[in-house]
Structures are given as structure tokens and as C-alpha cells.
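Naming convention: chains lettered A, B, ... in sequence-line order (proteins, then strands); numbering from 1 in each chain.
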Amino acid sequence: MLAAVARRRLGPGGVMGQQLMQALRSTAARSYSAAAKEMTVREALNSALDEEMSADPSVFLMGEEVGEYQGAYKISKGLLDKYGPDRVLDTPITEAGFTGIGVGAAYQGLRPVVEFMTFNFSMQAIDHIINSAAKSNYMSAGQINVPIVFRGPNGAAAGVGAQHSQCYAAWYAHVPGLKVLSPYSAEDARGLLKAAIRDPDPVVFLENELLYGESFPVSAEVLDSSFCLPIGKAKIEREGKDVTITAFSKMVGYALQAAEILSKEGISAEVINLRSIRPLDRAAINASVRKTNRLVTLEEGFPQHGVGAEICMSVVEDSFEYLDAPVERIAGADVPMPYAANLERMAVPQVEDIVRAAKRACYRAVPMAATA
Amino acid sequence: MASFTAAAKFLAPVAAARSGGDSRAPPPPFPSASLRPRRKPAPSRLRTVLAVSSDVLSGNKSAPAAAAHSAVTREEALELYEDMVLGRIFEDMCAQMYYRGKMFGFVHLYNGQEAVSTGFIKQLNQADCVVSTYRDHVHALSKGVPARSVMAELFGKATGCCRGQGGSMHMFSAPHNLLGGFAFIGEGIPVATGAAFAAKYRHEVLKESGPDGLDVTLAFFGDGTCNNGQFFECLNMAQLWKLPIVFVVENNLWAIGMSHLRATSDPEIYKKGPAFGMPGVHVDGMDVLKVREVAKEAIERARRGEGPTLVECETYRFRGHSLADPDELRKPDEKSHYAARDPITALKKYIIEQNLATESELKSIEKKIDDVVEEAVEFADASPLPPRSQLLENVFSDPKGFGIGPDGKYRCEDPLFTQGTAQV
């Protein structure tokens, strides 16, 4: 299937791309799990932005500190030097204004990438994300599409307090007209950001600050400049047969650690990296639950009306007879994020919480008191 | 500074403008200038607005008004007249249709403000953009959207300009570069600034130049919007990046029942332009020829790349805020004062006195427009409602929402895509 999909030659990646193409053709039949090199999520995002800006001159980046400061989290390092101030715009601190400017530019056919220093600040611009970006293709009956990407770190960092730590996945995934993506690994970051930039619709791209520095192995295919992942498809990070754990972003790493611990206790957990919160890969989730019969949903955000609630309902609607235990939902604590380090640790799901929930899902017959 | 030299042109009698810095110049003859509290605190009751009469109506030929606008040709005068009459008759028909139950929801009519829409939009090319608020029917008509498309949209029919999906407050037309139609106050201003940004980007980065210069964007909004944060954010960025945009304030003195004077610390909106380094111009928005003059200059400025202008048009809406507004708070003498300054009557008088056309020619234009609007209603009436299948269409521009593959095609069109989950 991979060999069947034609690949585009793009920009300066082209020369390296050609060598890779030849390497790929000769190894087409082999699996790509053998890593060619390691890449941090930061490098993945930077290279994706670089390649897309190079391939399409209508792509431009705007946000606070993206230019001369090289990006608040250094994601846009080197881009100002390479593309100039016309395409890498340092904006004043005016989220509502510059987000609206991005939307207006997208109405006229440019492809802006709007960076929010964190998604908490997107609340100052949320009117534009929802009312002038998400709804416009529908309100104009298809006349005006909005090929814009809103990206930035989402969710809790470390000790940054209540106003800098909220997860917005559920908020944005609630709205028809938006696509909401959340990468975990470097491969996800590269593939999904490239897909987002090429997409003709508004995409909310939720990164995670704590993942920026983490390294992941990447295959040669991922490094190719035409690599891009599909929107709306999840990835089975780890196959299993006893319980399904769905997660996105940083929580995927925690789920994988929990799966390791669970496997030593004889529980084989299947970890699904959602990648796309909207559209949600209901097919993958349901297929997995029909196989394992137990589900644990995992997210960092607040529990009420969260992503886990939606996944649970999707499974109840489509695969109710297959469930052998009630769906377990793990989310952040239902409080604004506290500052004290020990309280913060309690307010965000930890690996032990995931292990406990998975065990509960597997041994539901045991009374609750005994598992406390 | 280029912006201040250009501003000097606006100091001509047609408008009262301030270019930055000269605080010792006498205040311009702005209507509410006399109401600005100097030493005494302002009375707490609602102030009446003392307005300056239109020079055209008063026939004061020796006044700067006569020299205030360049000569209008007959064709242009008739074009302006026809456009304003179209706006007026269309909006009156909307009111009728609303009370007959054919139109529903929120409908905001433009009666009385036609001079602003006509005066500005008739100076634009097709490639120039207009961004408006919820009071957008007449902006759509002036920009060239056919009356039947607008009427069908208002009736919620499938033949409307947005196939019935937008409605009164969300008029979009890509071929006419009408970028909406926004319900939120101030929402259109950043979008318009973005469209201007795109025009400049296309010229400078993509090297696609139009024959006349930069494509200009007009942002229309009201007096209440000028207290909104996004307005100031965009004045800043538009001037910072010298974007080809004209910010047109339709100051009709009232939000819904909130008087501009009760809501604003400094009600002279045009002064906010120079605070950001751009020219701020005040113009009599009930006089289409004066508006046209100011519009020409502001649009040319933007086209040449000299940056934005803030134009405050003193205007008035003859009807309530919306068709649901009983309009009880505005005083009758204020309403009659502005009714006497009806822009259509004023232009008609001017045309006849300058012998640009006869009374009967103008009447025949009105008759023609009557027919156009009647036909629009018949067309809208006869049009079908949107089909059921339309409900779920156009949520995404990409048909199923799965994005574009590396081959540049929609992924959902790849037959292999829907088999299983992606394993990379």
C-alpha cells in the first residue's frame, strides 16, 4: 500500500528526496521499523515547517516571537533567516487581531500557520478560530475555504500554574468545521503537521511542550519531504489483546509505560495513539474494543465533557455487546491546575493511575473496595 | 512621514481631519464637538446631537461644499443614484417580507446609510474586497451581488448566494470578493486586515502584481465597534505593516439603544487614526459626493502602498437596529433631522440642479429598480428550499475530512484508504 501511493518531489528536499526515493524503492518490501536515525519532536516540527514553506510560497508563519527569538520554544529556529520577515512574522501581542488576520489571509488563498505561544492564549482568539475559520466554509456554502493551521503547545507543562496548563482538545474537537490533531512522536509531529499545512480546512494542531525535547526513532520514509500522515486515522502503538487504552499526545508515552508494567503482570494492553481528535478514528477504536472487550480512555484534560466521554459513547453506540466491563475514564483532576509540585502531580494522570484503571477494567468482578 | 503628507490632503474643506501632533489647531466643525465636556461635567441626560446640515441640501454653493468634490459626470451620478435607490428599495422590501413571515431571524436594515456603501464601494474594482457586519445587504448589492441572490439568501432558499446557509448576517460571495457578513462586532476587522495582508503578500512575496497596484480591502463597521479591542489591534497592525485597507466607520450614533456618546470616552472616532500613525478623516456620511471624494483618496492611498486610512462617516439609520427593535430610545427630532438629510433626496436635488439628468429620467431609474426588486422577490419565492442532503455538505472543503495525501489528492478518494487503520 505504501509503495502504491505516489510521492511528490518537493523543493530543496528534492535532492535528498531522490536518493531516499531510490533507497525506498529498493527496500519497499521491507518493514520500516528499523530506525534510520533519532529526531526530537522539536526538530520534526521545525523540519516540517521548513519543508512546507519551501514547497509552497503561500505558506507563512505568524505568531509571537517566532522570528528573531527563533520561536518561544525554538520550533521556528532558523526560519526567519531562511525565508525572511515577509514570511516569518513577529506579531504584536494581539491574539484576536493576528488570528483574524491569518483567517482573512486564508480567505484570500494564502496558507497561514498561526502559532499560539500556548493554546491557553488561543482563548483570546477563539472567536476567530471558531466563528470566522471553522464555520466559514459552511456559511458560504463552499465558496470560501480556510486553509489555516493554528498550532502551539497544549496541556500541562511543569509548574506553570492554572492559566498556562489547560488542555483544549475537547473544546476544539467539539466544533464541526475544525480538524484537531495531536501528535505524540517525532513521526507524528512531522507527518501530521505536513498534512495540516497542506489541508484545505482549518486545523488545530495541539503539541505538547514537554514532548518537544524528546527523541524518537524515525525511519527513512518519515524523513522524506513528501511524507505526510492521514488525518482521521489513529495508530496502534502497541498491540495487545486484553484491554484497549486510548491516548493522545504526552499520555501516549505514559500509556506505553503502563502497558509495559501491565505486561509483566500478565495483562496485554493495546495502546492506541489517537493522533486525530477530530475526526476521531472511531473505526480503529471500535475494532480494538471488539478485540479486547475492555476500554480505558486516557487524557490529560478535565474529565467532564472530555475526549474520553466521546470515545466511551462511540463505543457504547457501536460495540456495546462487545464490552465485558464498563469503560474506564482517566483524566486530569477536575480542578484548575495547582502550582505546588506534589499537587500538580496529583492533578495529572500518572502511570500508576493508568495501571490501576486497566486492572480495574480487567478484574471488574472484584468489588471496588478491594481495589482501593 | 508619508502618512502625514497624505493626511494634509484631507485637511481640505471636504473633511475635518487631524494629522498627528498639532493640538493647538482649532477643533474642526464636528457635530458633537460642542458637546465634548470642556470644563463643565456633561449633563447626565442623553445629549441631543447637533448636526451640521449638508451643504448640498442647503444649496450653499459658495461654501467649500461646491468645491469639496470633483465634478461628477452624468454617468457617474446616475450610477450612484441607481445604487442608492437599489439599496433603499431592497431594504424596504425586506421589511415588508419580514412582516409577512417570508424572512426570519435577525434582519438589520441599512436605510439612511446608503451614501456610505455607494460612495465607497462604487470606487472599487472586482478584485478589491469588502468585509462587513451583520448590516450587510446593501454592501453586497453595491459590490455587485445580484439582488435576486441576496433576496433568495434572506428567504433561506437554495438559490441564495450562500445557498441559504448563511442568511442575513453572513453574506459571502467569492466571485465578488465579498468576504462576509459577520455577526460579532469587530470580527470582520481582523479578517479584512488579513485580506489586505494577503493582497500585499501576493504583491511582494508571490510577485503577482495587479495592473493598478495593490488590491484594496474595505472594512465596514459601526461606532460601537470602535470601542472593541480588535479594532485597535488592527489599527496597529495595519499601520505597522502598511496594509492596503480603509477602515470605514459608519457612525450612526447608536448601537441598539446605547448612544455612542454614552459608550465612548472620546466620541470623535477619526482621532483614533492618528494615534496609530494613520490619517483619520471625518466626512458627512449623508452626502454621497463627499463620501465618494474621501473614498477615492483613501482607496488610492492604499493602492499605492501608503497604508491604511480611518474614515469616520457621520450617518444615520432611519429604522431600528433590527426589525425586532421597537426603536423607542431615539428622539423624534433627531430622527426627523436626519430624515431631512436623506442622501437619496440630496443627490436627486444635486443632479437636477446641475442638469445632469431630468426628473423623469430619475423616476424611470426608480421604476426600473422597483421592477428588479419585485423580480427578486418572485425569484426567491419560487426558489426551492435547500434539499435535505445539503445539511451535511460543506462542513469541510475536503470532502470527508481526511486531508490531502502525499500525491496531492484527497485521501478519501484513494480506495485503499478506508481499509483498516494507518500503520506507518
Side-chain angles (χ1 to χ4, degrees), chain A residues 1 4-8 32 57-58 60 86-87 91-92 94 96-110 127-128 131-132 136-145 176-177 179 187 191 195 198-201 221 226-236 279 281 283-284, chain B residues 129 131 161-167 170 172-175 179-184 187 189-199 201-202 204-206 217 229-230 233-234 236-237 240 390 393-398 400-408 411 414 416-417 420-424:
Chain A
M1 177 188 159
V5 178
R7 289 180 216 282
R8 249 196 308 181
Y32 290 102
S58 64
F60 67 96
D86 283 336
R87 295 185 67 193
T91 59
T94 47
F98 71 69
T99 305
I101 288 181
V103 173
Y107 276 22
Q108 289 292 86
L110 298 185
D127 170 40
H128 282 291
N131 281 319
S132 46
S136 290
N137 197 61
Y138 193 81
M139 287 197 293
S140 69
Q143 293 179 76
I144 294 179
N145 70 312
K179 294 176 187 173
E187 174 190 311
R198 294 177 201 176
D199 199 272
D201 292 310
E221 195 209 351
S226 67
F227 172 70
C228 99
L229 285 174
I231 292 179
K233 292 291 189 177
K235 179 181 178 187
I236 314 283
D281 194 348
Chain B
C129 299
V131 178
C161 57
C162 297
R163 296 166 75 198
Q165 295 189 196
H170 305 295
F172 289 85
S173 174
L179 303 180
F182 291 97
F184 278 49
E187 190 177 0
I189 305 179
V191 172
T193 313
F197 178 90
Y201 189 95
R202 274 200 303 273
E204 297 195 349
V205 179
L206 302 178
T217 303
Q230 291 180 85
E233 293 184 16
C234 290
N236 178 43
M237 286 189 275
L240 186 65
Q390 198 181 302
E393 281 172 8
N394 294 129
V395 175
F396 288 132
S397 160
D398 141 34
K400 293 261 168 58
F402 292 118
I404 291 185
D407 56 357
R411 284 194 189 267
D414 177 352
L416 294 175
F417 179 71
T421 63
Q423 305 264 3
V424 178

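- Every side chain to side chain contact (heavy atoms under 4.5 Å, CB included) that A/Ala195 has, sequence neighbours left out, goes to A/Cys228, A/Ile231.
- Of all the heavy atoms in A/Pro279 and B/Gly401, the pair that sits closest is CG-O, 3.6 Å.
- Proximity of A/Pro200 to B/Ile404: side-chain heavy atoms (C-beta onward) are separated by under 4.5 Å at one or more points.
- When all heavy atoms are compared, the tightest approach of A/Pro92 to B/Leu240 is CG-CD2, 4.0 Å.
- Atom CZ in B/Arg163 sits 9.5 Å away from atom OH in A/Tyr138 (nearest 0.5 Å).
- By number of non-hydrogen pairs under 4.5 angstrom with chain A, the leading residue of B/Ser397, B/Ala174, B/Gly403 is B/Ser397.
- Relative orientation of the A/Tyr107 and B/Phe182 rings is parallel, given thresholds of 30° and 60° on the angle between their planes.
- Contact annotation: the side chain of B/Arg411 never approaches that of A/Lys233 to less than 4.5 Å [non-hydrogen atoms, C-beta and beyond].
- Highest contact tally toward chain A, considering only B/Ala183, B/Gly167, B/Gly194, is held by B/Gly194 [criterion: heavy-atom pairs under 4.5 Å].
- In this structure, CG on B/Asn394 lies 9.5 Å from CD on A/Gln143, to the nearest 0.5 angstrom.
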Given side-chain contact (heavy atoms from CB on, under 4.5 Å), test A/Met139 with B/Cys162 step by step and report yes or no.
-> CA-CA 7 Å; A/Met139 287 197 293; B/Cys162 297; over 6 Å; no
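- Here the closest non-hydrogen pair linking A/His128 and B/Glu187 is CE1-O, 3.1 Å.
- Top candidate by heavy-atom pairs under 4.5 Å with chain A, chosen from B/Val205, B/Val131, B/Thr217, B/Asp398, is B/Asp398.
- Across all their heavy atoms, A/Ala105 and B/Phe197 have their closest contact at CB-CD2, 4.2 Å.
- At a 4.5 Å heavy-atom cutoff, the contact between A/Pro57 and chain B is made by backbone and side-chain atoms alike.
- Contact count against chain B (heavy-atom pairs under 4.5 Å) is highest for A/Asn137 among A/Thr91, A/Asn145, A/Asn137, A/Asp86.
- For A/Asn131, the side chain to side chain donor-acceptor pair (under 3.5 Å) partners are A/Asp127, A/Lys135, not counting sequence neighbours.
- Between A/Phe98 and B/Glu233 there is no side-chain heavy-atom pair separated by less than 4.5 Å.
- To the nearest 0.5 Å, the span separating OG on A/Ser140 from CG on B/Leu179 amounts to 10.0 Å.
- From B/Phe172, atom CZ reaches atom OG of A/Ser136 across 4.5 Å, with rounding to the nearest 0.5 Å.
- In terms of non-hydrogen atom pairs under 4.5 Å with chain A, the most contact-rich of B/Gly180, B/Ser173, B/Ala199 is B/Ser173.
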